[in-house]
Every structure is written in C-alpha cells, then in structure tokens.
Amino acid sequence: MEKIKDKIEKLLRRTMDNGATESEAQNALVLARKLMLKYKINEKDITNNHNNVYQLELNYDFEIDNVWPRQLLTIFIKNCGIFNYVKTNGNKMKYILFGFKVDVDCVEVLFNCAYEYVLNQANENYNDFVELFGSEYAINNSIKDCYIQGFLSGLEYKYKEQNKSNKKFELMIIPNKKIKDEFEKFISNFNKVNITNDIKIKNESEMILKGFNDGKNFGTTPLNNGNLKLSTLN
C-alpha cells in the first residue's frame with residue numbers, strides 16, 4: 001500500500017509549477033484520484049496538504065440563459081464529494097467550488113475537458129447534419145441541443161448505473177463529513193442557487209443517442225482533442 005501512496009504523491013506533484021505540461025498535470029491529477037478510489041485511500045492519508053479544505057473560483061463566466069454548462073458542472077459537483085456557491089453579476093454567474101483540494105482540482109479538470117469535448121462534438125455533428133440534410137432541418141440549433149442533452153443524460157446514467165451495481169465509479173468520490181460541516185458553516189448566511197433542467201429539444205433521436213453514448217463513455221475515451229487521456233485502471 002505504501003508503494004501506491006508514493007505513486008499517488010508523485011502524480012499529485014506532477015504540476016505545471018514542477019515542469020509538467022498542462023495536459024500532463026491534468027492527467028496526473030485524475031489518475032491520482034482514480035488510484036485513491038480504487039485502493040480506498042483517503043485525503044488524510046496523503047501529505048502535501050491535499051486534505052485541506054479549499055476553495056476555487058472557476059475561470060468561466062456562466063450565463064443564466066445558457067443552462068447546459070451549469071447542468072454539466074452540477075453533475076460533477078454532486079458526484080465528486082464537493083459543494084459550491086454562486087456569485088451573480090447581471091446575466092453572468094461565477095461558481096466557487098468548496099472541498100478537499102484534490103477533489104476540487106479534479107472537478108475543474110473534468111468540467112473543462114467535458115465542456116470542450118461536448119462543444120466540439122455538438123458542432124461537428126451539427127455540421128455533418130447540415131451537410132446531409134440542409135440547414136432548413138436544423139433550425140434554432142436544435143441538433144446541437146439534442147446532442148448536448150443526450151451527453152448530459154449519458155453522463156448521469158454512467159454514475160447511476162455504477163452506483164446501483166455497487167461498483168465504485170472510476171471518478172466517483174463519496175462526500176466527506178468534514179467538508180459538509182465546514183461548507184454548511186461557511187454558507188450559513190446566504191442562499192444556494194437552484195439549477196434548472198430546462199433544455200428544450202426536438203425529436204432528433206439519433207443525435208440524442210450519439211450524445212448519450214458519448215456521455216456514458218466519458219472518462220474512458222481521449223478528451224480535449226486527444227491531449228488528455230483518462231485511461232481506465234485495471
């Protein structure tokens with residue numbers, strides 16, 4: 001077990017500050033979290049202050065009228081043992097993540113990669129659809145919306161199925177009581193924001209299915225244009 005802990009420590013030290021590229025640092029972080037889950041190693045067993053309560057403001061301006069990025073982030077937040085609060089400024093929202101540093105950093109990586117992946121795939125599928133059938137059949141970006149909704153559903157399905165089967169999901173993190181208690185104390189003076197689930201879609205079932213399958217396989221396929229590969233541990 002000590003060898004595994006040493007490997008996790010080495011992965012967590014593989015940061016951009018220590019000379020790694022961005023993709024190498026991201027990949028190392030996610031693989032470290034997978035090893036911690038596989039061998040049931042807690043944050044308290046890891047040195048370098050990775051078990052300290054930590055806050056991170058995501059470097060992304062969420063728009064109130066654009067629901068799906070918030071839905072995507074919320075899936076990772078609720079399944080990765082962290083909490084969040086929101087700052088609003090007009091039509092813009094900033095999400096602040098709250099939890100153990102290794103978990104918060106992991107959610108940041110997953111969201112950034114998934115967001116870029118979903119956006120690229122939605123655009124590619126839209127262009128393919130228009131080339132085949134013409135733009136008159138792709139009104140109001142409904143093709144993109146269908147793909148995105150399918151992806152979100154597939155990602156949710158992946159978490160639920162592996163929870164139901166009692167198999168530990170490669171990126172599932174159980175909420176920690178220390179984090180929960182400190183977060184509740186922190187937000188005692190302000191309200192949480194309700195996240196709605198109202199993405200309007202039409203009946204382009206094939207596009208929904210494509211998105212669903214990609215969401216279901218997220219974490220086991222090359223992401224971020226191939227720069228980040230979340231390989232499944234044996």
Side-chain angles (χ1 to χ4, degrees), residues 22-23 25-38 43 50 53-63 66-87 93-122 147-164 167-176 179-180 183 187 192-197 199 211-224 228-233:
E22 182 178 4
S23 61
Q26 291 175 341
N27 194 47
L29 171 65
V30 176
L31 289 178
R33 169 44 74 188
K34 288 184 180 182
L35 283 171
M36 291 171 71
L37 293 172
K38 180 177 180 180
E43 290 82 355
H50 292 291
V53 176
Y54 174 71
Q55 291 185 66
L56 174 69
E57 182 175 302
L58 286 182
N59 185 27
Y60 181 88
D61 287 322
F62 293 84
E63 296 181 2
N66 191 20
V67 178
W68 77 264
R70 290 186 281 134
Q71 291 179 296
L72 177 63
L73 177 61
T74 301
I75 292 173
F76 292 126
I77 287 173
K78 73 182 183 181
N79 286 294
C80 290
I82 69 170
F83 297 88
N84 73 278
Y85 62 98
V86 179
K87 297 190 298 187
M93 304 171 66
K94 280 286 191 181
Y95 273 72
I96 295 85
L97 309 183
F98 189 101
F100 288 132
K101 188 176 188 304
V102 65
D103 298 338
V104 169
D105 288 345
C106 191
V107 169
E108 182 188 29
V109 169
L110 291 172
F111 171 74
N112 287 337
C113 291
Y115 176 82
E116 181 179 336
Y117 179 79
V118 171
L119 211 56
N120 287 340
Q121 290 298 111
Y147 176 84
I148 291 169
Q149 181 63 43
F151 183 92
L152 296 173
S153 298
L155 189 59
E156 287 269 29
Y157 176 85
K158 180 172 187 174
Y159 278 110
K160 288 178 181 177
E161 282 300 297
Q162 298 215 22
N163 288 340
K164 189 167 62 177
K167 295 178 181 177
K168 190 171 284 292
F169 179 42
E170 60 191 0
L171 297 175
M172 172 62 76
I173 301 168
I174 305 301
N176 182 280
I179 294 297
K180 183 176 185 295
F183 180 74
I187 65 165
K192 295 182 73 174
V193 172
N194 290 323
I195 304 300
T196 59
N197 293 304
I199 290 184
F212 182 87
N213 287 330
D214 284 347
K216 191 172 63 172
N217 293 321
F218 179 78
T220 59
T221 53
L223 302 176
N224 209 14
L228 177 62
K229 294 179 173 58
L230 307 181
S231 55
T232 303
L233 294 173

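As the structure is a prediction and not an experimental result, all values here were calculated from the model.
Between Lys158 and Lys216, the shortest heavy-atom contact is CD-O, 3.1 Å. The two residues Cys106 and Val30 come nearest to each other via the heavy atoms SG-CG2, 4.3 Å.
If you look at Tyr54 and Phe100, their ring centroids are not closer than 6.0 Å. Residues Phe212 and Tyr147 keep their aromatic ring centres 6.0 Å or farther apart.
Ring geometry for Tyr115 versus Trp68: interplanar angle under 30°, hence parallel rather than tilted (30 to 60°).
A 4.5 Å side-chain heavy-atom check between Asn27 and Val109 finds every atom pair outside the cut-off. In this structure the side chain of Leu97 never reaches within 4.5 angstrom of the side chain of Phe83, judged on heavy atoms. Within the 4.5 Å cutoff, no side-chain heavy atoms of Val86 are placed close to those of Ile96. Within the 4.5 Å cutoff, no side-chain heavy atoms of Glu116 are placed close to those of Asn112.
Judged as a side chain to side chain contact (heavy atoms under 4.5 Å, CB included), and not counting sequence neighbours, the contacts of Glu156 are Ile75, Lys78, Lys160. Taking Asp61 as the reference, Lys94 meet the side chain to side chain donor-acceptor pair (under 3.5 Å) condition, with sequence neighbours excluded. Phe62 meets the side chain to side chain contact (heavy atoms under 4.5 Å, CB included) test with Leu58, Tyr60, Pro69, Arg70, Leu73, Met93, Tyr95, Phe111; sequence neighbours excluded.
In this structure, the separation between CD1 on Ile82 and CG on Asn84 is 7.0 Å, given to the nearest 0.5 Å. Between atom CG of residue Asp105 and atom CG of residue Leu110 there is a gap of 11.0 Å, rounded to the nearest 0.5 Å. Expressed to the nearest 0.5 Å, how far CG of Asn217 lies from CG of Leu155 amounts to 11.0 Å.
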Phe218/Tyr159 under ring pair (Phe, Tyr, Trp, His ring centres under 6.0 Å): CA gap, chis, key distance, verdict = CA-CA 11 Å; Phe218 179 78; Tyr159 278 110; 9.0 Å; no
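Judged by distance alone, with hydrogens and angles left aside, the side-chain atoms of Asp103 form no donor-acceptor pair with the main-chain N or O of Gly99 at under 3.5 Å.
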